[in-house]
Amino acid sequence: MLARCSGASAADLVDAMSADDMMPSAAQVEAAGGGRATHSREPHTGGTAGRMNRLRAAVLGANDGIVSVAGIVIGVAGATSARGPIFTAGLAGLVGGAVSMALGEYVSVSSQRDSQRAQIAQEKRELAASPEAELTELTALYEAKGLSAATARTVATELTSHGALAAHLDAELHIDPADIPSPVEAAVASAVSFTVGALLPLLAMLLPPATARVPVTFAAVLIALGLTGALSARLGGSSIRRAVLRLVIGGALGLAFTYGVGHLFGTAIG
């Protein structure tokens with residue numbers, strides 16, 4: 001049937017399918033309820049989307065660590081070749097950046113969680129005070145999505161019988177109570193990803209001989225930025241080439257500028 005209808009529109013395909021074709025199996029229903037793929041060609045599921053978002057956040061955190069600490073150690077290296085000041089400045093940047101990222105993420109996610117919890121509490125009060133009005137509201141939401149009035153009422157009624165709060169949170173507020181983020185987990189993940197990224201330029205600056213520190217750090221940072229740019233673009237489905245060029249060129253300009261500032265002012269002050 002699929003071969004016969006390969007050039008047909010979505011409406012034609014629906015008309016050509018029998019009722020059995022359109023009915024999901026018990027396994028598909030169970031998979032959909034658990035946020036898993038319902039067929040082999042489905043790339044986006046709830047669990048996968050959540051993992052991708054966390055991975056993307058980790059990549060961006062590592063990228064911040066690379067850029068921030070690279071700028072610090074390159075700038076100090078422009079002023080002095082002594083390992084001590086470079087290590088101290090780089091370590092301070094790593095610790096300060098990780099703490100700042102963790103605190104920022106904790107505050108941001110805490111605010112988001114508090115807002116979602118307040119919305120859930122408000123919805124519970126509304127359902128307890130006026131269930132009929134809430135059912136009408138849910139019906140209107142599904143009718144606005146394109147269902148007929150009768151079908152929207154049936155859907156709203158059945159979903160309400162299975163769990164009124166969950167139905168309203170999904171259709172009205174787009175909140176999944178099981179997916180409310182943890183501020184502590186977000187803060188730790190942000191700090192760890194920043195630290196991992198920051199260690200690269202710090203080690204690249206400290207380990208080589210003095211004459212090779214700056215070139216090695218430049219190369220290591222640009223390669224790392226290229227990799228993180230490619231990975232973030234792949235996760236987001238955007239152009240890998242554009243993302244890599246943007247990060248590498250921007251990183252190279254930033255490193256050159258900070259090295260120049262360190263060299264100019266370090267020499268002038270010294």
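Values in this document were obtained by computation on a predicted structure and should not be read as measured data.
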Full working for side-chain contact (heavy atoms from CB on, under 4.5 Å) between I180 and I120: CA-CA 11 Å; I180 294 178; I120 292 172; 3.9 Å; yes
Between [X] and [Y], which heavy-atom pair has the shortest distance, and what is it?
| X | Y | result |
| --- | --- | --- |
| K124 | L165 | CE-CD2, 3.5 Å |
| Y106 | A187 | CB-CB, 4.0 Å |
| L138 | T160 | CD2-OG1, 3.6 Å |
| G61 | M101 | CA-CE, 4.1 Å |
| L255 | T258 | O-OG1, 3.0 Å |
| Q112 | P181 | NE2-CG, 3.9 Å |

Shared ILVMFWY cluster between [X] and [Y], side chains joined below 4.5 angstrom?
| X | Y | value |
| --- | --- | --- |
| L141 | L135 | no |
| V95 | L199 | yes |
| Y142 | I175 | no |
| V214 | L202 | yes |
| I66 | L231 | no |

Tell me if a side-chain donor or acceptor on [X] pairs with a main-chain N or O of [Y] at a distance below 3.5 Å.
| X | Y | answer |
| --- | --- | --- |
| S108 | G104 | no |
| H263 | Y259 | no |
| T80 | A77 | no |
| R83 | L206 | yes |
| T136 | E132 | yes |
| T228 | L225 | yes |
| R213 | S81 | yes |
| S232 | G229 | yes |
| S115 | S111 | no |

Starting at [atom1] of [X], measure out to [atom2] of [Y] and round the result to the nearest 0.5 Å.
| X | Y | atom1 | atom2 | result |
| --- | --- | --- | --- | --- |
| I240 | R242 | CD1 | CZ | 11.5 Å |
| R117 | D114 | CZ | CG | 7.0 Å |
| L159 | D170 | CG | CG | 8.5 Å |
| L169 | L127 | CG | CG | 8.0 Å |
| L60 | S193 | CG | OG | 8.5 Å |

Side-chain H-bond candidate by donor/acceptor type, T151 with S148, under 3.5 Å: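 On atom types as modelled, these side chains qualify, holding a pair under 3.5 Å.
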Distance-only side-chain donor-acceptor flag, Q122 / E126, under 3.5 Å: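 A pair is found: one side chain offers a donor N or O, the other an acceptor, under 3.5 Å apart.
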With a 4.5 Å limit on heavy-atom distance, are the side chains of [X] and [Y] in contact?
| X | Y | value |
| --- | --- | --- |
| R153 | E143 | no |
| R246 | R241 | no |
| H168 | L173 | no |
| M205 | V216 | no |

Test side-chain contact (heavy atoms from CB on, under 4.5 Å) applied to V188 and E105, step by step: CA-CA 9 Å; V188 170; E105 195 70 14; over 6 Å; no
Verdict with reasoning, S100 to F194, per side-chain contact (heavy atoms from CB on, under 4.5 Å): CA-CA 10 Å; S100 176; F194 183 93; over 6 Å; no
Enclosure of Q119 CD (heavy-atom neighbours >12, cutoff 6.0 Å):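 Yes, CD of Q119 has more than 12 neighbouring heavy atoms, counting only those of other groups under 6.0 Å.
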